[in-house]
Undergrad: 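My structure is below; once you've seen it, I'll send some questions.
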Amino acid sequence: MKPNVKDLSKEQFTSHLKERGQHSYRAAQVWQWLYQKRAVSFDEMSNLSGALRRQLAEDFSISRPRIARQSESRDGTVKFLFELADGETIESVLIPEMHRLTLCISTQAGCGFGCAFCATALMGLKRNLRASEIVDQVLEVSRMIDPHPSLSLEGRGQEERSLEGRGQGRGISFGAGERRITHVVLMGMGEPLANYTQTVKALECLTDATWGIGISPRRITLSSVGLVPQIQKLMEETRVNLAISLHAANDELRGELMPVNRRYSLKQLIDCCRSLPIPRRKRITFEYVLLKGVNDSDEDARGLCRLLSGVRCKVNVIPFNPHPDSSFERPGESDINRFGQILLEQGFQVNVRRPRGDDIQAACGQLQGEQGTKDEGGRRKDEIHSSSFILHP
Ligand code: SAH
């Protein structure tokens, strides 16, 4: 098997080309073809000589993950099931909103953290994803949305403007005509910080405006169960936004819901958050899955306020998304609102998240790869609600 060119860093690739007597700017050109023009073969790289293209094709392959299935929710959310080269499956979820198009990507196949309420936890950890497999989710879904990216960075800007408001066209079209992924959240399957090196490598490629895809780090959010040393490292090494899954305001309950709390206590986690070098205008997001009768009382809300007092943050309250293998329940509307209200009254910025794509098991904590996708009759659940659409006309 030839190595996948996307598994090389730009430095490694540059020295590879230099060894072959090529100028280093050729490396940037290849990278732009891969990440900005989303090339799937060296043949397409028309500003390289035929000889160089042939040489590269002899030395390397270009990975392209297979979309094994896609399902569209009634609310427009689209879930993609990717099959990786070794047959493992992961999921990404595309979430259209008014002026943004967010892609939620996976960093591991499965997850080893065993959070009590999460569907992905039931799979266990299959393996870490490589940086290229993390980035490929963004590239492949971008191909679906816009099969023909324009050919230069400057051109890209013009294309965006001219497309605004144009509505339906080739491929998938959303809301205000947004045809490119504007935001990325690392909130799919897996714990990104347990796959630290590959995740940071992927982030470099996603954010690099010259060589890579060029998504601003301000538009990228990484969510973690709370691995304290890696959180510190991440905030020193990148400028992406941080979200932390909290889900309880005392160690006893958090330990039951999230076994990771036995390794890093709430005190360690919150002390770490207070000490992070976060720019003044930025805030940490705390996620709090609301579970009926478990962590949704007034006392729980007040405990959360005490815990987070003085931390510059916002709180995302996520009403539990049910899945077949869980006995947890979502609280009623009035309890959800009351919980949010208590936080608001204490001066917190609160966002009660409405589930997206829950009819296709694409909402938070419902991602399970190939498992759990059949109902009792053996039908695929997402065959029931999915509707297909034209991708490459
Ligand atoms: N491992 C990381 C990334 C996953 S993000 C993390 O835990 O932060 C997914 C978010 O959805 C996490 O906050 C997770 O706790 C939450 N979640 C998991 N199962 C859920 C469910 N069934 N309903 C609502 N949110 C859930």
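Order of appearance sets the numbers: ligands from 1, and atoms from 1 within every ligand. In this text the structure is predicted, and so the values were computed from the model without any measurement.
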Undergrad: For atom 10 (C) of ligand 1, grab the closest protein heavy atom and report residue, atom and distance to one decimal in Å.
TA: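 Result: E287 OE2, 4.0 Å.
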Undergrad: Under 4.0 Å, heavy-atom basis, I'd like to know which part of I318 is in contact with ligand 1: side chain, backbone, both or neither.
TA: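 Side chain only.
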Undergrad: Is it the case that over 12 heavy atoms from other parts of the model lie below 6.0 angstrom from the CD atom of E299?
TA: yes
Undergrad: List ligand 1 atoms under 4.0 Å from F117, heavy atoms only on the residue side.
TA: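 Matching atoms, with element in brackets: 15 (O), 17 (N), 18 (C), 19 (N), 20 (C), 22 (N).
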Undergrad: List the closest protein heavy-atom neighbour of atom 21 (C) of ligand 1: residue, atom name, distance to the nearest 0.1 Å.
TA: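 Closest protein heavy atom to atom 21 (C) of ligand 1: C364 O, 3.2 Å.
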Undergrad: Quick test of your reading of the model: are K10 and D208 salt-bridged, counting only N-O distances below 4.0 Å?
TA: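 Between D208 and K10 there is a salt bridge, with a charged N closer than 4.0 Å to a carboxylate O.
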Undergrad: Does ligand 1 have an atom under 4.0 Å from some heavy atom of G188?
TA: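 Distance cut 4.0 Å: G188 passes for ligand 1.
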Undergrad: Where does the angle between the aromatic ring planes of W31 and Y35 fall among parallel (under 30°), tilted (30 to 60°) and perpendicular (over 60°)?
TA: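 Judged by the thresholds at 30° and 60°, the geometry between W31 and Y35 is perpendicular.
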Undergrad: Answer with side chain, backbone, both or neither: which part of Q366 has a heavy atom less than 4.0 angstrom from an atom of ligand 1?
TA: neither
Undergrad: Quick test of your reading of the model: are E333 and R354 salt-bridged, counting only N-O distances below 4.0 Å?
TA: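 A salt bridge links E333 with R354.
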Undergrad: Identify whether the distance between the nearest side-chain nitrogen and carboxylate oxygen of E133 and R127 falls below 4.0 Å.
TA: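 R127 and E133: salt-bridged.
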Undergrad: May I ask you to identify the nearest protein heavy atom to atom 19 (N) of ligand 1, giving residue, atom name and distance to one decimal place in Å?
TA: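 Protein heavy atom with the smallest distance to atom 19 (N) of ligand 1: G365 CA, 3.0 Å.
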Undergrad: Under 3.5 Å, is there a donor on one side chain and an acceptor on the other for S132 and D7?
TA: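 S132 vs D7: donor-acceptor pair found between side chains.
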Undergrad: One thing to verify: whether D136 and K6 come together as a salt bridge, which I'm taking to mean a side-chain N less than 4.0 angstrom from a carboxylate O.
TA: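 Between D136 and K6 there is a salt bridge, with a charged N closer than 4.0 Å to a carboxylate O.
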Undergrad: Only heavy atoms of H247, strictly under 4.0 Å: list the atoms of ligand 1 that pass.
TA: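 Counting atoms of ligand 1 from 1, those under 4.0 Å from H247 are 13 (O), 14 (C), 15 (O).
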Undergrad: Identify the protein heavy atom lying closest to atom 16 (C) of ligand 1, giving its residue, its atom name and the separation to 0.1 Å.
TA: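 The answer is V289 CG2, 3.9 Å.
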Undergrad: Any carboxylate oxygen within less than 4.0 angstrom of a Lys/Arg side-chain nitrogen, looking at K126 and E88?
TA: no
Undergrad: Pick one: which of K233, Q230, E237, K201 meets side-chain hydrogen bond (donor to acceptor under 3.5 Å, both in side chains) with Y196?
TA: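 Only one of K233, Q230, E237, K201 forms a side-chain hydrogen bond (donor to acceptor under 3.5 Å, both in side chains) with Y196, namely E237.
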Undergrad: Out of all atoms in ligand 1, which are within 4.0 Å of some heavy atom of N321? Include the element for each.
TA: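 Contacts of ligand 1 toward N321, numbered from 1: 21 (C), 22 (N), 23 (N), 24 (C).
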Undergrad: Give the residue, atom name and distance (to 0.1 Å) of the protein heavy atom nearest atom 12 (C) of ligand 1.
TA: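 Scanning the protein heavy atoms, the shortest distance from atom 12 (C) of ligand 1 goes to S245 OG, 3.2 Å.
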Undergrad: Mind checking whether M187 contacts ligand 1 via backbone (N, CA, C, O), side chain (CB onward), both or neither, at a 4.0 Å heavy-atom cut-off?
TA: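 It is both parts that get close, each with some atom under 4.0 Å.
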Undergrad: Numbering the atoms of ligand 1 from 1, which are under 4.0 Å from a heavy atom of C118?
TA: 18 (C), 19 (N)
Undergrad: Under 4.0 Å, heavy-atom basis, I'd like to know which part of S224 is in contact with ligand 1: side chain, backbone, both or neither.
TA: backbone
Undergrad: I want to confirm something. Looking only at heavy atoms, which of G190, C111, A121 is nearest to atom 1 (N) of ligand 1?
TA: G190
Undergrad: Between the side chains of R218 and N241, is a donor N or O closer than 3.5 angstrom to an acceptor N or O?
TA: no
